Student: 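If you scroll down you'll find the structure; I have some questions about it.
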Protein chains: 2
Amino acid sequence: MKAFDTAETSFDSHTHDHRRCVRSALQTAEALCQQHGVRLTALRRRVLELVWTSHCPVGAYDLLEMLSKDQGRVAPPTVYRALEFLLANGLIHRIESRNAFVGCPHPQEAHAGHFLICRVCGAAAELSDPGIEATLDQRAGELGFFVEAKTVELRGLCKGCRARRPDGGEQSA
Amino acid sequence: MKAFDTAETSFDSHTHDHRRCVRSALQTAEALCQQHGVRLTALRRRVLELVWTSHCPVGAYDLLEMLSKDQGRVAPPTVYRALEFLLANGLIHRIESRNAFVGCPHPQEAHAGHFLICRVCGAAAELSDPGIEATLDQRAGELGFFVEAKTVELRGLCKGCRARRPDGGEQSA
DNA sequence: GGCGATAAGTTATACTATAACATTATCACG
DNA sequence: CGTGATAATGTTATAGTATAACTTATCGCC
Ligand SMILES: [Zn+2]
Ligand SMILES: [Zn+2]
Ligand SMILES: [Zn+2]
Ligand SMILES: [Zn+2]
């Protein structure tokens, strides 16, 4: 396993060509589902696309509303079931501290999703780091705890937002 | 800052004298509130005591129900406001992945609450480790991210529960 | 005791998520 | 093709979590 992060693409949502992110995510998803023998139906595909509308975690009821624009009226189970599928297949992650969902940029690789979440722009960048994994596993192991799932969510200010308005920034007092 | 954890006290809830945990937590809270010039009212004290009924995270509506046994009918804002106060003063932590709250065993020391949460017995052990802090801060710092709050929640099996019933335990396959 | 500030009570409502059952689509097989 | 098993979606109702907005009570101080 090697380290990666999506800070660059996630935190400059307004400058990069996000349509490429979406297209890429959908293509990868298609391929992966094919490969795993599961069905990325039109609905699931559409929900994945909607989740990918930005790099900000999006709530289930936001998705519901967006979906309603296409289809007529949509009920909660519709979107929750799609989300469940996408989660199960590693195509999205759930952000616990926000009750929201965000697209996974590298669903091919097995990984726990660790996130940096900016309180100003709202974007979430995923990061994976063998160092973090190892440190957490080791510490848990010392205590006899067997880790099955990890939630790591760091909230604060992204680079861009710190530059734009340095409220509560790093170097203050 | 030094490392600590509460795995022993949290994960053997049925064998240790938990009344001591509660008494100690309440005393520390009294002292701390006095010291900080904030009011640990009867209600807030009671909610803190109820949160401490066990080492398992407890939901707001569970607290509501417990409170109703004392006082008559109680409405949600009552318990949420008490929780808000206790959170603000570091006397409890919120477990994001459970929408629940757990008492903090060392509210004197500034710290991010990191947790091991057993899926069988439900107990949550708090751990603080400079290594974890450092690893997370460093990785975030590399990406220009300024961390203000950390949520770290590891779910799995505690030592005792692994011993009692080794389903999905460590050494399998 | 009067007064400003903080806390608690009250009512209503928003937001998040799932249970349970009906209907429709898909696919393997004959 | 038909047909039945399986998976997916639709539909209705309800459970669970959290806050807004306003009123009343309490506290600390003069
Ligand atoms: Zn993008
Ligand atoms: Zn930002
Ligand atoms: Zn205890
Ligand atoms: Zn356990």
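The chains referred to below are lettered A, B, ... by the order of the sequence lines, with proteins before strands, and numbering in each begins at 1. These values consider heavy atoms only, across backbone and side chains, with no hydrogens, waters or symmetry-generated copies. Nothing here was measured: the structure is a model prediction, and the numbers come from that model.
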Student: Could you check whether atom CD of E142(B) has more than 12 heavy atoms from other residues, nucleotides or ligands sitting under 6.0 Å from it?
Tutor: yes
Student: Count I, L, V, M, F, W, Y as connected when their side-chain heavy atoms are under 4.5 Å apart, and connections chain through other members. Are W52(A) and L91(A) then in the same cluster?
Tutor: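 Looking at the clustering, L91(A) is in the same group as W52(A).
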Student: Looking only at heavy atoms, what is the nearest atom pair of G144(A) and R162(B), with distance?
Tutor: O-NH1, 2.8 Å
Student: Are V102(A) and L87(A) linked, directly or through other ILVMFWY residues, by side chains that come within less than 4.5 angstrom of each other?
Tutor: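 They do not share one cluster, since no chain of ILVMFWY contacts under 4.5 Å joins V102(A) to L87(A).
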Student: Testing the basics here: between E133(B) and A112(B), what is the closest heavy-atom pair and its distance to 0.1 Å?
Tutor: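 Residues E133(B) and A112(B), closest heavy atoms: OE2-CB, 3.6 Å.
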Student: Could you give the CG-to-C1' distance, from L64(A) to dT18(C), as a whole number of Å?
Tutor: 14 Å
Student: Nucleotide by nucleotide, 5' to 3', does protein get under 4.0 Å of the base (B), only the sugar-phosphate (S), or neither (-) in nucleotides 7-21 of chain D, counting heavy atoms?
Tutor: SSBBBB----BBBBB
Student: Dot-bracket for DNA chain C: what is it, with Watson-Crick or G-U pairs under 3.5 Å, [ ] where a pair crosses earlier ones, and | for a pair to another strand?
Tutor: ||||||||||||||||||||||||||||||
Student: Who passes ring-ring contact (aromatic ring centres under 6.0 Å, His included) against H36(A), sequence neighbours left out?
Tutor: none
Student: Do the two ring centres, one from H55(B) and one from H16(B), sit under 6.0 Å apart?
Tutor: yes
Student: Mind checking whether F101(B) and H93(B) have ring centres under 6.0 Å apart?
Tutor: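 No, the ring of F101(B) stays outside the 6.0 Å limit from the ring of H93(B), centre to centre.
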Student: Using whole Å, report how far CG of L83(B) lies from C1' of dA8(C).
Tutor: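 L83(B) atom CG is separated from dA8(C) atom C1' by 14 Å.
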